[in-house]
There are 2 protein chains.
Amino acid sequence: MPRDAAPPRRERLDRDRVLRAAVALADDSGLDAVSMRGLAQHLGVVPMALYKHVADKDELVSGMVDVVLGEIEPPDPALPWKEALRARVLSARRAVLRHPWARRAIEGSTRRTPTVLAHMDAVAGGFRAGGLSPDLTHHVMHALGNRIWGFSPELFEEPAPAEPPSPEQQEAMGREFAQRYPHILEIAVAATRGDLSRVGGGCDEQFEFEFALELLLDGAERLHRAGWASAAR
Amino acid sequence: MPRDAAPPRRERLDRDRVLRAAVALADDSGLDAVSMRGLAQHLGVVPMALYKHVADKDELVSGMVDVVLGEIEPPDPALPWKEALRARVLSARRAVLRHPWARRAIEGSTRRTPTVLAHMDAVAGGFRAGGLSPDLTHHVMHALGNRIWGFSPELFEEPAPAEPPSPEQQEAMGREFAQRYPHILEIAVAATRGDLSRVGGGCDEQFEFEFALELLLDGAERLHRAGWASAAR
DNA sequence: CACGCTAGGTGTACGGTGTACGCCTGTCAA
DNA sequence: TTGACAGGCGTACACCGTACACCTAGCGTG
């Protein structure tokens, strides 16, 4: 009997194959499953083999991020600048939503790869096309922050308690919560349209994202039209 | 001769002492130095001893974050709402700047401690005091994102290359860079007021922070005055 | 006083991580 | 035919978080 019962087919690696395998692995087992060992096993290869294609772990995840960023589709050049920017950013968002781990990977990785720079350059170019000064463009991009990668920080994300405590305990906690953090409660109630049962259930992140994006794009345009210059500095 | 030559004095731990030691250690050796082993050694104690005061590593860093957040000073209640909010957020910022690791710790930790909730509640309360609806308050807080903790994502942060490459190599890279990422270059030039030698040197983060904060607070106020309601939803 | 409970520090061990270093082999150009 | 070299292998190291069992000092109570 043939003895290669182990993992999948194995025909010579290259950097690209490694990265794609890493992405696939992260896609369906989470970023934590992407350890050098785990990935190697997934490829039917010994861990150290990966280092022939990738300098270290950090470069691996940078590469994974590049793959995701590669899925961003450039907006129709005919679009007015604000629409174009919105389109590009929302495309980025769709990409990171397809790969839920990408968010963490982007925040964590320190490397500025060409792909990363290219995206930043494209966004900057979008504002410049609208006539904003380099300075204003710079500040607005800072204000956008991670939103240029298609995500915003998860402020109200709940880790989802393993199992909900007993109803009456929940009741008691709720009462305590209500008097200690009345404003948070108010917000949560408003966010869930009064459906108190799912108060911890998170927000409509897509709405929040677009709300903030619009707020910032409008703010940028307003400052630009008001003739903003970096005099304040 | 007394045989306790080892680390510092050692008089019974308690949770508070552990947390303060962890903060101190992080303050002058970085967050990575705060491993259970490292911290334990620093306290002249065996690693597992810490677990008598802290459930796990995650709770440790949550506790450290609480210590930092505890340094935030509440704004003068006589202040108008926008000034009060600005003051609170800038105080938060001063706190995390005193503890450079706090930024990463906040992003990384998943726990919602009472201290964290209290701060969020205070910020929410600030907007409510200005008359904003719970809904609008909610969205604006999302838009503020991590800025309510006093920091914004480090978009343009350079990892600082171990040693700068040779000048002529730098020149060549510069040329390549200029034609591949013209808009980034533009921005960098503007940000450094034309001093090209320190293009990679980072931005004036404080300015960026306040710029974005102002933009968002103004945007919130404008929406509020325009009678914003959550109809769009 | 003697008791036993308990808070808190100890020791050992396990399974995980990234990765440095040296070896071995198949492919291909000269 | 040869020899360089790309690429996969094996071993080993240092470090991480933490489960589990143990020991001991101090204290409130019978």
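Within every chain, numbering begins at 1; the chains are lettered A, B, ... in the order of the sequence lines, protein sequences first and strands thereafter.
With B:R17 contributing its side chain and B:L43 its backbone, the two residues share no donor-acceptor pair below 3.5 Å. Looking only at distances, a side-chain donor or acceptor of B:R147 sits under 3.5 Å from a matching main-chain atom of A:A143.
Of the listed nucleotides (C:dG9, D:dT18, D:dG7), D:dG7 has the atom at the smallest distance from the side chain of A:H53. Comparing D:dG7, C:dT19, D:dT18 by their nearest atom to the side chain of A:K52 picks out D:dG7. Of the candidate nucleotides C:dT10, C:dG18, D:dG8, C:dT10 has the atom lying nearest to any side-chain atom of B:V46. Candidate nucleotides D:dT18, C:dT17, D:dG8 were compared by shortest atom distance to the side chain of A:S35, and C:dT17 ranks first. Nearest nucleotide to the A:V45 side chain, out of D:dC9, D:dG7, D:dT18: D:dC9. Each of D:dG10, D:dG8, D:dA12 was ranked by its minimum atom distance to the side chain of A:A49; first place goes to D:dG8.
Residues A:H142 and B:F207 place their aromatic rings such that the two centres sit no closer than 6.0 Å.
B:L50 has its CG atom 14 Å from the P atom of D:dA19, to the nearest Å. Whole-Å rounding puts the A:D16 CG to D:dG7 P distance at 14 Å. The interatomic distance linking B:Y51 (OH) with D:dG17 (C1') rounds to 5 Å, in whole Å. Here C:dG18 presents its P atom at 15 Å from CD of A:E59, a figure rounded to the nearest Å. The CZ-P distance, from B:R15 to C:dA7, rounds to 16 Å in whole Å. Rounded to whole angstrom, the span from the CD atom of B:Q41 across to the P atom of C:dT10 amounts to 13 Å. At whole-Å resolution of the value, CE in A:M36 and C1' in D:dC13 are 17 Å apart. Rounded to whole Å, the distance from CG on A:D58 to P on C:dT17 is 17 Å.
Proximity of A:K57 to the phosphate of C:dG18: a side-chain N or O atom is located under 4.0 Å from OP1 or OP2.
Annotation: of the two residues near DNA chain C, A:M48 and A:G38, the 5′-most nearest-nucleotide partner is A:G38.
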From CA spacing to verdict: side-chain contact (heavy atoms from CB on, under 4.5 Å), B:L13, B:V45: CA-CA 9 Å; B:L13 295 177; B:V45 114; 4.2 Å; yes

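Residues A:W101 and A:M64 have side chains in contact (heavy-atom distance under 4.5 Å, counting atoms from C-beta outward).
Remark: the A:R37 side chain and the C:dG18 base include a donor-acceptor N/O pair separated by less than 3.5 Å.
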